[in-house]
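I have placed the structure first, in the form of structure tokens, so that the comments after it can refer back to it.
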Protein chains: 2
Amino acid sequence: MSGQNGRSVSTRRYPCENCPLRPLPVFREFTAKELAYVTHFKKGELAVERGATVLVEGSHSAHLYTVLSGWAFRYKLLSDGRRQILNYTMPGDLIGLQGSVMGEMQHSVEALSPMLLCVFERGELHDLYRNYPELAYDITWLASREERMLDENLLSVGRRSALERCAYLIAFICARADGVGLIARKPVAIPITQQHVADTLGLSLVHTNKTIRKLAARGLVRWRDGGCEVLDVDGLKELAHWEGLGEERRPLV
Amino acid sequence: MSGQNGRSVSTRRYPCENCPLRPLPVFREFTAKELAYVTHFKKGELAVERGATVLVEGSHSAHLYTVLSGWAFRYKLLSDGRRQILNYTMPGDLIGLQGSVMGEMQHSVEALSPMLLCVFERGELHDLYRNYPELAYDITWLASREERMLDENLLSVGRRSALERCAYLIAFICARADGVGLIARKPVAIPITQQHVADTLGLSLVHTNKTIRKLAARGLVRWRDGGCEVLDVDGLKELAHWEGLGEERRPLV
DNA sequence: CGTACTCTTGAACCGTCTCAAGCTATGTGG
DNA sequence: CCACATAGCTTGAGACGGTTCAAGAGTACG
């Protein structure tokens, strides 16, 4: 069934036992019992097109998602239209937990590429907490991870120069995309426009462009085909005074 | 027993049944069973002085805290000393969850006033998740709330002007402090210096000062005794285009 | 009584913004 | 196939918001 606004729900289930993400080394092992429950918890799959809005600020979504494939970003708007991108989401990330736990969504989510999402039902979250404490703990783990990334982004926007910020952002996205199958081929290609970069870093589009040109002049990145090609991640990290996000293996729900 | 670095552990327990926070209308009701478990979960109390560092970036703390009284702030440092304040913590807030769940602390916490903290043991968190799903859910709730505040702060630092940012920050702190006994008397007094404001908003101290003077000239705030007195919260909210943090009652762990 | 911390103000500088224009793709309808 | 529109990137010039440097005043504290 095809959707009217870039969404379509597929009834064909990608069974969790054949989850394409779970075998990846960045994710933790899972007991068979947990796997069985997640399979039961998962209600279906949702395919969204590039540019589609997955969740809207102000709504009360009945669903909670895990990204199976594709890129998206979370953002908030000020009443006069100024936009702030808060973070990016990639395979293995939860979408909509805030709304599920607290009720109303206070940010929106938009797809940067075609995406496939696992759909869970908000109402069953209590059930999960009651019966699968390990999974509940994993969800808290993922929430803490998101918080940690936000801390880092805030540090960046608040205290780094434009050049450092750009370098940081690109290195950050790279570090996250690495390991979840988004950057199979080198050089790494990130599907964002310079407007996204500007709205993430609190800069104007014009200045972002000039800053990116400086990074390009140093041979760190290249902008092509409406996206970013990363040539030297380590150079970017060094320029940004960023240590990387020192992550071990993480849970996947 | 008095500490060497602004900490002292009191063996006298403030029993959870007589918790001074729980009766406040901003917090949710609690079952007797949950209360009993929290009492068991709580290992003692920690008193810290103003200016003391509660948690340090890079450490692996064995503890997790709930603020019983007093103010603090979370922050991160860049290698060259630039500081970004991430958020403020007040009574009822959890401190150190990130570190407890993921291992290493990636931010520090410093007290803005004398504080009293309930001490929990990190190792028992799994136990809590296993036996008290409602409490586990509450912890996730609190983590989501923190995330929501960070989203809002990021929007502010990224997209609001200096004047709007200052207005937002003061209104935000006010809104949070209201209801947890921190601002008993009017006018509201917030124990932060202009340096804290600057480091929260990503501004220089000098410009922060000039901006605050503008707010003062409009009769919105007054700076006195090394702290901020709020004269017109609604005026600040309007200036910042901020709707308030629309919170219902929240859990307390 | 000196030292430290906080707030305050002025002046010069520069990082970033806004405005404006042009360029290159890509896609669409005639 | 061309005409036109749209989205994204690029560049220059001038204006402005915010930074840095510098100095001084008030208060708290040992």
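Computed from a prediction, not measured in an experiment: that's the story for all the values here. Chain A is the first sequence line, chain B the second, and so forth, proteins listed ahead of strands; every chain is numbered from 1.
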Please report, rounded to the nearest Å, how far the [atom2] atom of [N] is from the [atom1] atom of [X].
| X | N | atom1 | atom2 | value |
| --- | --- | --- | --- | --- |
| Ile192(B) | dT6(C) | CD1 | P | 12 Å |
| Asp199(B) | dG18(D) | CG | C1' | 15 Å |
| His207(A) | dC14(C) | NE2 | P | 15 Å |
| Lys210(A) | dT16(C) | NZ | C1' | 9 Å |
| Leu112(A) | dG8(D) | CG | P | 11 Å |
| His196(B) | dC5(C) | NE2 | P | 13 Å |
| Lys214(A) | dT11(D) | NZ | P | 13 Å |
| Arg159(A) | dG18(D) | CZ | C1' | 12 Å |

Side-chain contact test, heavy atoms from C-beta onward, threshold under 4.5 Å: evaluate it for Leu97(B) versus Glu146(B) and give yes or no. no
Between Arg50(B) and Arg160(A), which is nearer to the 5' end of DNA chain C once each is assigned its nearest nucleotide? Arg50(B)
Please verify the inter-ring angle class for Tyr65(B) with His63(B); under 30° counts as parallel, over 60° as perpendicular, anything in between as tilted.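 Because their plane-to-plane angle lies in the 30° to 60° range, the rings of Tyr65(B) and His63(B) count as tilted.
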Below 30° counts as parallel, above 60° as perpendicular, anything between as tilted: where do the rings of Phe73(A) and Tyr88(A) land?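 Rings of Phe73(A) and Tyr88(A): tilted, 30 to 60°.
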Shortest side-chain distance from [X], nucleotide among [options]:
| X | options | answer |
| --- | --- | --- |
| Trp223(A) | dT18(C), dC9(D), dT16(C) | dC9(D) |
| Val206(B) | dT20(D), dG18(D), dT10(D) | dT20(D) |
| Arg213(A) | dT19(D), dT11(D), dT18(C) | dT11(D) |
| Ser204(B) | dT18(C), dG18(D), dT19(D) | dT19(D) |
| Leu203(A) | dT16(C), dG18(D), dT18(C) | dT16(C) |

For Met149(A), does its backbone N or O pair with a side-chain atom of Asn153(A) as donor and acceptor, under 3.5 Å? yes
Do Arg82(A) and Glu164(B) meet the salt-bridge criterion of a basic N to acidic O distance under 4.0 Å?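 Yes, Glu164(B) and Arg82(A) are salt-bridged.
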For a quick test of reading the model: is some side-chain N or O of Gln194(A) closer than 4.0 Å to OP1 or OP2 of dA7(D)?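 No, no such contact exists.
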Is the phosphate of dC9(D), meaning OP1 or OP2, less than 4.0 Å from a side-chain N or O of Asn209(A)? no
Give one of base, sugar-phosphate or nothing for [X], where a contact means two heavy atoms less than 4.0 Å apart.
| X | result |
| --- | --- |
| Leu205(B) | nothing |
| Thr193(A) | sugar-phosphate |
| Gly202(A) | sugar-phosphate |

